[in-house]
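Worksheet for the structure shown next.
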Amino acid sequence: MAGSYLEQQQAHFRNHNRVKEFVAHGAKVHSVAWSCDGKRLASGSFDKTASVFVLEKDRMVKEINYRGHGDSVDQLCWHPLNPDMFVTASGDKTIRIWDVRNNKCAATVNTKGENINICWSPDGHTIAVGNKEDVVTFIDARTYRSKAEEQFKFEVNEISWNNDNDLFFLTNGNGNGCISILTYPELKSIHSVNAHPSNCICIKFDPTGKYFAVGSADALVSLWDIRELVCVRCLSRLDWPVRTLSFSYDGKMLASASEDHFIDIAEVETGEKLWEVHCESPTFTVAWHPKRPLLAFACDDKDGKYDNSRDAGTVKLFGLSNDS
C-alpha cells in the first residue's frame, strides 16, 4: 500500500517520541557513534575525553570515561565489524584506538597535524584520518602504522569509503561544492562531482549501498545514486548549513541537522518529511542505532541551571517509548 512505510514510521514515532538526556562530558559533545552491534554508544568532547554508554532497553548507562588525549576529541568511529574497538581523532596530533573489553587505550598513533575527521574502512583494515592542513593519512588498523599519506589542494571537510571499500570520497570546502572520488587503495582521482553551489560539509553512505547523502553550507541535503553518480533528490527543510547526517539501519530514513532547532527525519525514497525532533540549540552530530529506530544526538547546549556560559556536555536519545 502506497505511503505505508511513512505512515508506519509516523505511527511508531507518535508513541516513541520521547527524548532522554544523559550526562556524558564536562563540555560540548562533538561526535556520537554506535558500536556495530548497537550495544554501546561512544561520544567525544571538547573536554578531551571519550565516554562510552551501554544501552539497556530504554536507557543508557555510562560505562567509562576514556582519558588520554591532550586536546579536544573532534570525531570518533567504531570498528565496522568488531563491537569492542573504536578510534578517536584529536587536535593533539594523535589518534587513539580504544578497547572496551579492558577499558584501555590499545594504541596511540602520532599524526602530522591537528586531526578533525576520521573514518574506518568497511573491511576494518584501515583507518583514515584528516587534519587541519588537509592531509589524509591511511593507517593500518592491525599494525597501527601509516600506509599512505595524501596532501589535498582543497579544504577537506569529511571523508568516507563507499560500502564496497574500493572508492574513497572527500567533501570539498573551498566554496565550489565538489565531491572528490578516488580509487582505493591506489588513491587515483577518478571523479569530481559538482554537488552543491557552496561547501560540502558532510557525507554518509546508506547501509544498503544504493545511495549516499551530502550535506552542504547551502542548507540542502542532496541524495545520490551511487552507481550512476546522479542526484536523485534534494531535501530543503533546513535553513542553516547541514552539519551532520545519518541513515537508519534499513536505509529508509535520513536524519539531518544544523543550527536549526530541529532534526529533520526524511523518508529516503520520497524525500518527504517523516518526523522532526525539536532541539533547544544547534545540533552537530546525529547517529541512528544500527538495529532500531533510535537516534542519538548532541547539541550545543548550555548548562542553564548553574552557569549559562558553560557547555552542558549531554548526549540525547530520541525514539524512546512515551510510556517508559
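Count residues from 1 along the sequence.
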Begin from the C-alpha positions of Ser4 and Glu7 and carry the test side chain to side chain donor-acceptor pair (under 3.5 Å) through to its verdict. CA-CA 5 Å; Ser4 61; Glu7 289 159 8; over 6 Å; no

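- Atom NZ of Lys62 has more than 12 heavy atoms from other residues, nucleotides or ligands within 6.0 Å.
- Residue pairs meeting the salt bridge (Lys or Arg N to Asp or Glu O under 4.0 Å) criterion with at least one partner in residues 187-197, sequence neighbours excluded, do not occur; the list is empty.
- The two residues Arg292 and Leu55 make their nearest non-hydrogen contact at NH1-CD2, 3.7 Å.
- For the residue pair His69/Thr88, the side-chain donor-acceptor check at 3.5 Å is satisfied.
- For the pair Leu235 and Ala266, the tightest heavy-atom approach, listed with the atom from each and the gap, is CD1-CB, 3.7 Å.
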Let me see the working for Phe262 and Val277 under side chain to side chain contact (heavy atoms under 4.5 Å, CB included), right down to the final yes or no. CA-CA 5 Å; Phe262 67 90; Val277 183; over 6 Å; no

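- For Phe169 and Phe205, the gap between ring centers is short of 6.0 Å.
- Using a cutoff of 4.0 Å between basic side-chain nitrogens and carboxylate oxygens, Glu149 and Lys112 are scored as salt-bridged.
- Take Trp34 and apply the ring pair (Phe, Tyr, Trp, His ring centres under 6.0 Å) test, not counting sequence neighbours, and it matches His289.
- Residue pairs meeting the side-chain hydrogen bond (donor to acceptor under 3.5 Å, both in side chains) criterion with at least one partner in residues 38-47, sequence neighbours excluded, are His25-Ser43, His25-Asp47, Arg40-Glu63, Ser45-Asp47, Asp47-Thr49.
- Residues Val52, Ile64, Tyr66, Trp78, Trp98, Val100 make up the rest of the hydrophobic cluster containing Phe86, defined by ILVMFWY side-chain heavy atoms closer than 4.5 Å, directly or through other members.
- The ring pair (Phe, Tyr, Trp, His ring centres under 6.0 Å) check on Phe154 picks up Phe152, with sequence neighbours excluded.
- The side-chain contact (heavy atoms from CB on, under 4.5 Å) search around Asn165 returns Ser121, Pro122, Asp123, Trp161, Tyr184, not counting sequence neighbours.
- The shortest side-chain heavy-atom distance between Val242 and Ser216 does not fall under the 4.5 Å cut-off.
- Inspection of the Ser281 and His261 side chains reveals no N or O donor paired with an N or O acceptor under 3.5 Å.
- With sequence neighbours excluded, the residues that form a side-chain contact (heavy atoms from CB on, under 4.5 Å) with Lys210 are Asp206, Thr208, Glu269.
- Within the structure, salt bridge (Lys or Arg N to Asp or Glu O under 4.0 Å) pairs that include any residue of residues 312-324 comprise Glu21-Lys316, Asp301-Lys316 (at least two apart or interchain).
- The distance from the CG atom of Leu182 to the CG atom of Leu170 is 5.5 Å, given to the nearest 0.5 Å.
- Taking the side chain as every heavy atom from C-beta outward, Val129 and Asn117 never approach each other to under 4.5 Å.
- Across all their heavy atoms, Ser248 and Pro207 have their closest contact at O-CG, 3.3 Å.
- With respect to Lys132 and Asp74, no salt bridge is recorded, no charged nitrogen being found less than 4.0 Å from a carboxylate O.
- When atom types are taken as modelled, the side chain of Asn172 and the backbone of Cys178 share no donor-acceptor pair closer than 3.5 angstrom.
- Lys204 is linked by a side-chain contact (heavy atoms from CB on, under 4.5 Å) to Glu158, Leu245, Phe247, counting only residues two or more places apart in sequence or in another chain.
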Run the numbers on His12 and Gln10 for side chain to side chain contact (heavy atoms under 4.5 Å, CB included), then give the verdict. CA-CA 5 Å; His12 173 81; Gln10 286 175 332; over 6 Å; no

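- No donor-acceptor pair under 3.5 Å is formed between the side chain of Ser51 and the backbone N or O of Asn65.
- Between Phe46 and Val73, every side-chain heavy-atom pair lies at or beyond the 4.5 Å cut-off.
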Would you give me the side-chain donor-acceptor pairs under 3.5 Å for residues 135-144, sequence neighbours excluded?
| unit_1 | atom_1 | unit_2 | atom_2 | d |
| --- | --- | --- | --- | --- |
| Asp140 | OD1 | Arg142 | N | 2.7 |
| Asp140 | OD1 | Thr143 | N | 3.2 |
| Thr143 | OG1 | Arg145 | N | 3.3 |

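- Counting heavy atoms from C-beta on, the side chains of Pro83 and Cys36 come closer than 4.5 Å.
- A heavy-atom distance below 4.5 Å is not found between the side chains of His30 and Gln75.
- A distance-only check finds no donor-acceptor pair linking the side chain of Thr283 to the backbone of Ala257 [under 3.5 Å].
- Among residues at least two apart or in separate chains, side-chain hydrogen bond (donor to acceptor under 3.5 Å, both in side chains) pairs with a member in residues 223-235 are Ser222-Trp224.
- A salt bridge is defined here as a Lys NZ or Arg NE, NH1 or NH2 lying under 4.0 Å from an Asp or Glu carboxylate O, and Lys252 with Asp250 fails to meet this definition.
- Remark: side-chain polar atoms of Ser246 are paired, donor with acceptor, to backbone N or O of Trp288 under 3.5 angstrom.
- No side-chain heavy atom of Ile181 sits under 4.5 Å from any side-chain heavy atom of Ser192.
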Check against side chain to side chain contact (heavy atoms under 4.5 Å, CB included), Ile118 and Val87: CA-CA 8 Å; Ile118 196 161; Val87 61; 3.6 Å; yes

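- With hydrogens and angles ignored, the 3.5 Å screen pairs no side-chain donor or acceptor of Asp71 with any backbone N or O of Lys48.
- A heavy-atom distance below 4.5 Å is found between the side chains of Lys273 and Arg237.
- When hydrophobic clusters are built by joining Ile, Leu, Val, Met, Phe, Trp and Tyr residues whose side-chain heavy atoms come closer than 4.5 Å, directly or via intermediates, Val232 is not grouped with Ile179.
- Heavy atoms only, all atoms of each residue included: Asp239 and Asp260 are closest at N-OD2, 2.9 Å.
- Classification of Arg101 and Asp84 as a salt-bridged pair holds, one side-chain N sitting under 4.0 Å from a carboxylate O.
- Under the 3.5 Å distance criterion, the side-chain polar atoms of Gln151 are matched with a main-chain donor or acceptor of Glu133.
- Side-chain polar atoms of Glu186 and Thr183 form a donor-acceptor pair below 3.5 angstrom.
- Considering only heavy atoms from C-beta on, Ser321 stays 4.5 Å or farther from Asn15 through its side chain.
- For Tyr249, there are no ring pair (Phe, Tyr, Trp, His ring centres under 6.0 Å) partners two or more places apart in sequence or in a different chain.
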Would you sort out whether Ile263 and Phe318 count as a side chain to side chain contact (heavy atoms under 4.5 Å, CB included), showing the intermediate values? CA-CA 10 Å; Ile263 299 166; Phe318 160 78; over 6 Å; no

